[in-house]
**Student:** 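Encoded as structure tokens, here's the structure I'll be asking about.
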Amino acid sequence: MKNTAIHKIKFLSRISFFLLIFISSCCLFKTDSPDLRITGQNFPSTANANQTFSISFTIANISSGECDAAATNESSVNLKMVNRATGYLQVNNTYALTSLDNNISRTITATVNIGTAGTYDLTFIVDPNNTAGQSNRLNDTYTATIIIN
């Protein structure tokens, strides 16, 4: 009687183990598509004309699903600043973004000097050419305003 109970417990333990492996196999044998996101930014809300200032953005590859995100392909990021009154494109810089593994982030920093006072619309776009193989393109753009005095 004792041996039968021990065999049943061992049998149930093995089945439970295999069921657990089967249920969690999604994350053991595959990854979710990558998803680049802007996870942080740092720039002044105002600056003086002809004053050099820095603009930085942190980009991370974070899964949109239950499993880890696959690594991204190499891509780029684009920083634009447009004078709101004139529509003049003052800054249009593109920076390389090397591939990112799951939960890895990278900070892009630009040094900017604007010579004309005014209100500027800042736009930062991750993967503007859609080369990173992402699952979600809706979180790739950040917009803000910077006042140049």
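Sequential numbering from 1 along the given sequence is applied to the chain's residues.
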**Student:** Would you say the side chain of M81 lies within less than 4.5 Å of the side chain of V112, judging by non-hydrogen atoms?
**Tutor:** yes
**Student:** Does the ring center of F53 lie less than 6.0 Å from the ring center of F43?
**Tutor:** no
**Student:** Determine whether N93 and Y95 make a side-chain contact, defined as any pair of heavy atoms from C-beta on separated by less than 4.5 Å.
**Tutor:** yes
**Student:** Would you check if I62 and N103 make a side-chain contact, meaning some heavy-atom pair closer than 4.5 Å?
**Tutor:** yes
**Student:** Can you name the nearest heavy-atom pair linking L100 to S105, along with the distance?
**Tutor:** CD2-C, 4.4 Å
**Student:** Of the non-hydrogen atoms in P34 and A71, which two are nearest, and what is the gap between them?
**Tutor:** CG-O, 4.1 Å
**Student:** Can you confirm whether I108 sits close enough to I59 that some side-chain heavy atom of one is under 4.5 Å from a side-chain heavy atom of the other?
**Tutor:** yes
**Student:** Given 3.5 Å as the limit, does a donor-acceptor pair link the side chain of N48 with the main chain of Q51, or not?
**Tutor:** no
**Student:** With heavy-atom distances below 4.5 Å as the criterion, would you say the side chains of Y142 and Q41 are in contact?
**Tutor:** yes
**Student:** Atom CD1 in I38, atom CZ in F124: separation rounded to 0.5 Å?
**Tutor:** 6.0 Å
**Student:** For a quick check under 3.5 Å, do D101 and N61 share a side-chain donor-acceptor pair by atom type?
**Tutor:** no
**Student:** Could you state whether I104 and V77 fall into the same hydrophobic cluster, counting links through intermediate Ile, Leu, Val, Met, Phe, Trp or Tyr residues with side-chain heavy atoms under 4.5 angstrom apart?
**Tutor:** yes
**Student:** Starting at CG of L89, measure out to OG1 of T86 and round the result to the nearest 0.5 Å.
**Tutor:** 10.0 Å
**Student:** I'd like to know whether N139 forms a side chain to side chain donor-acceptor pair (under 3.5 Å) with D35, so could you lay out the CA-CA distance, the side-chain angles of the two residues, the decisive distance to 0.1 Å, and finally the verdict.
**Tutor:** CA-CA 9 Å; N139 57 10; D35 183 15; 3.2 Å; yes
**Student:** Is the closest side-chain heavy-atom distance between D121 and T145 below 4.5 Å?
**Tutor:** yes
**Student:** Is the side chain of T46 donor-acceptor paired with the backbone N or O of I147 at a distance under 3.5 Å, no angle test?
**Tutor:** no
**Student:** Check A69 against S33 and note the closest heavy-atom contact, atom names and distance.
**Tutor:** CB-O, 4.1 Å
**Student:** Just how far is it from atom OG1 of T94 to atom CG of N129, taken to the nearest 0.5 Å?
**Tutor:** 8.0 Å
**Student:** Using distance alone, with no hydrogens and no angle criterion, decide if S99 and N73 have a side-chain donor and acceptor under 3.5 Å apart.
**Tutor:** no
**Student:** Ignoring hydrogens and angles, state whether a donor on the side chain of R106 or T58 is under 3.5 Å from an acceptor on the partner side chain.
**Tutor:** no
**Student:** Can you name the nearest heavy-atom pair linking A60 to T39, along with the distance?
**Tutor:** CB-CG2, 3.7 Å
**Student:** Nearest 0.5 angstrom please: T141 OG1 to I125 CD1, how far?
**Tutor:** 5.0 Å
**Student:** Give the intermediate values and the outcome of side chain to side chain donor-acceptor pair (under 3.5 Å) for residues D68 and T31.
**Tutor:** CA-CA 5 Å; D68 288 348; T31 55; over 6 Å; no
**Student:** To check you understand the geometry: which heavy-atom pair defines the closest contact between T116 and Y120, and what is its length?
**Tutor:** O-OH, 2.7 Å
**Student:** What I'd like to find out is whether the side chain of I114 reaches to under 4.5 Å of the side chain of V91, using heavy atoms alone.
**Tutor:** yes
**Student:** Which atom pair, heavy atoms only, marks the closest approach of T111 to S54?
**Tutor:** OG1-OG, 4.2 Å
**Student:** Does any pair with a residue in residues 124-147 pass salt bridge (charged side-chain N to carboxylate O under 4.0 Å, His left out), and if so which ones, sequence neighbours excluded?
**Tutor:** D127-R137, R137-D140
**Student:** How about L36 and T72: do any of their side-chain heavy atoms sit closer than 4.5 Å?
**Tutor:** yes
**Student:** Can you list the steps and then say if T52 with N113 is a side chain to side chain donor-acceptor pair (under 3.5 Å)?
**Tutor:** CA-CA 4 Å; T52 300; N113 187 320; 3.1 Å; yes
